Amino acid sequence: KRMERDFLLDDAKLAKLVARKAAIMNQNKMAKSAVILPLVKSSEGYQVLFEKRSMDLRHQPGEICFPGGGIEDNDAGPMEAAIRETCEELGLVTTDIEMICPLDIVVSPFNAIIYPFAAYILDADRININSEVEEIIPIPLDYLLHKPPQIHQLLVSIQTTEDFPFHLIPQGHNYPFRKINYPQIFYQYEGTVVWGLTAQILTHFLHLLRIG
């Protein structure tokens with residue numbers, strides 16, 4: 001076995017794999033974006049800032065979200081993209097933002113990867129939203145920590161194309177494709193509903209605070 005291992009390492013192509021680091025499979029085919037979960041401190045304590053997207057936008061108009069957007073080729077990485085997009089949407093400069101930490105990467109079943117970060121907005125009075133944002137909605141962090149969200153299930157199932165090769169898989173047309181429960185989290189505050197990937201990222205952040 002030792003000789004076999006040495007032989008494999010001597011092969012040029014296999015030797016290159018020794019130092020390889022794992023990545024997310026097929027990530028080059030996925031849409032990549034980065035967002036900031038922004039915290040501001042007021043006289044009443046910390047608040048989480050949410051954006052309401054403009055109704056004039058083609059993609060998800062009127063949705064509640066965190067500031068952020070797509071990672072561009074000239075961005076040094078997800079963090080730089082998150083800061084750049086947040087500055088553009090909130091009319092800030094980079095020194096108005098103080099990073100706290102990266103949050104867990106989200107791999108969406110809808111072919112997207114989101115890199116979230118938690119950060120402070122040092123002076124909320126400096127915010128001057130652009131045309132992509134209808135309004136900024138602050139929600140007290142203490143409220144989010146102590147008000148459990150509603151959780152409902154979406155059922156995700158496989159739909160095949162007309163030319164799908166059922167003859168190549170066991171049981172053919174009777175193959176038992178899985179149906180997946182995809183939980184959807186809903187936070188409600190004074191008429192504002194936070195749900196979807198934004199709610200998932202928020203839930204993760206609140207969990208980190210509770211266990212920290």
Side-chain angles (χ1 to χ4, degrees), residues 31 33-70 81-92 96-101 103-106 108-110 112 114-156 181-212:
S33 59
V35 302
I36 284 180
L37 185 157
L39 292 175
V40 297
K41 191 172 185 178
S42 70
S43 59
E44 299 177 355
Y46 284 106
Q47 297 176 318
V48 181
L49 290 188
F50 297 87
E51 292 181 355
K52 183 177 181 181
R53 291 171 60 84
S54 169
M55 293 302 295
D56 295 329
L57 295 176
R58 183 175 61 180
H59 180 60
Q60 296 181 319
E63 292 277 0
I64 304 300
C65 65
F66 293 128
I83 293 173
R84 174 182 55 75
E85 287 281 346
T86 298
C87 287
E88 290 176 5
E89 294 170 10
L90 301 186
L92 301 174
D96 292 322
I97 299 171
E98 181 181 318
M99 276 292 166
I100 300 172
C101 67
L103 302 174
D104 284 355
I105 299 167
V106 180
S108 161
F110 306 107
I114 299 95
Y115 297 84
F117 300 86
Y120 297 114
I121 303 296
L122 299 179
D123 185 359
D125 291 336
R126 290 178 57 84
I127 292 176
N128 182 25
I129 58 177
N130 71 3
S131 60
E132 298 178 20
V133 183
E134 183 171 312
E135 63 175 317
I136 291 295
I137 302 171
I139 299 181
L141 180 57
D142 187 67
Y143 172 89
L144 294 168
L145 281 167
H146 294 93
K147 181 70 173 179
Q150 295 182 28
I151 300 177
H152 299 275
Q153 300 294 327
L154 283 178
L155 188 63
V156 181
N181 282 323
Y182 187 56
Q184 291 294 300
I185 305 168
F186 295 84
Y187 293 88
Q188 299 183 63
Y189 177 77
E190 296 184 353
T192 294
V193 178
V194 180
W195 75 295
L197 295 177
T198 301
Q200 288 189 32
I201 294 168
L202 174 63
T203 299
H204 166 57
F205 175 69
L206 297 177
H207 173 70
L208 293 179
L209 292 180
R210 292 189 183 101
I211 65 175

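Predicted model only: the values in this text are computed from it and were never measured.
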Checklist entry - How would you list, by chain and number, every residue that makes a salt bridge (Lys or Arg N to Asp or Glu O under 4.0 Å) with E88, sequence neighbours excluded? => result R84

Next on the checklist: Applying side chain to side chain contact (heavy atoms under 4.5 Å, CB included) to D123 and D96, what does each step give before you reach the verdict?
Outcome noted: CA-CA 7 Å; D123 185 359; D96 292 322; 5.5 Å; no

Is there side-chain contact between [X] and [Y], with at least one heavy-atom pair below 4.5 Å?
X: L57; Y: E132; answer: yes
X: S108; Y: L197; answer: yes
X: V106; Y: I201; answer: yes
X: I114; Y: I105; answer: no
X: P116; Y: I36; answer: no
X: Q47; Y: L39; answer: no
X: L92; Y: I127; answer: yes
X: P38; Y: P67; answer: yes

When rounded to the nearest 0.5 angstrom, what distance separates [atom1] in [X] from [atom2] in [Y]?
X: W195; Y: I185; atom1: CH2; atom2: CD1; answer: 12.0 Å
X: H207; Y: L202; atom1: NE2; atom2: CG; answer: 13.0 Å
X: I97; Y: L90; atom1: CD1; atom2: CG; answer: 7.0 Å
X: T198; Y: I64; atom1: OG1; atom2: CD1; answer: 8.5 Å
X: Y189; Y: I137; atom1: OH; atom2: CD1; answer: 10.5 Å
X: Y120; Y: M99; atom1: OH; atom2: CE; answer: 12.5 Å

Test side chain to side chain donor-acceptor pair (under 3.5 Å) applied to [X] - qualifying residues, sequence neighbours left out:
X: Q150; answer: H152
X: H59; answer: none
X: E135; answer: none
X: N130; answer: none

Next on the checklist: Going by the rule side-chain contact (heavy atoms from CB on, under 4.5 Å), which residues pair with L145 if we only count those two or more places apart in sequence or in a different chain?
Outcome noted: L141, L206, L209, R210

Might you point out which heavy atoms bring [X] and [Y] nearest each other, and give the distance in Å?
X: A81; Y: G70; value: CB-O, 4.4 Å
X: T86; Y: A82; value: OG1-O, 2.7 Å
X: D104; Y: H204; value: N-NE2, 3.0 Å

Next on the checklist: Test salt bridge (charged side-chain N to carboxylate O under 4.0 Å, His left out) on E134 and K52; report intermediate values, then the result.
Outcome noted: CA-CA 5 Å; E134 183 171 312; K52 183 177 181 181; 3.5 Å; yes

Checklist entry - Looking only at atom types and distance, does a side-chain atom of R53 sit under 3.5 Å from a main-chain N or O of Q60, one as donor and one as acceptor? => result yes

Next on the checklist: Does Q153 have more than 12 heavy atoms from other residues, nucleotides or ligands lying within 6.0 Å of its CD?
Outcome noted: yes

Checklist entry - In terms of the angle between their ring planes, are F50 and F66 parallel, tilted or perpendicular, with boundaries placed at 30° and 60°? => result parallel

Checklist entry - Just checking, any donor-acceptor pair under 3.5 angstrom between side chains of Y187 and T203? => result yes

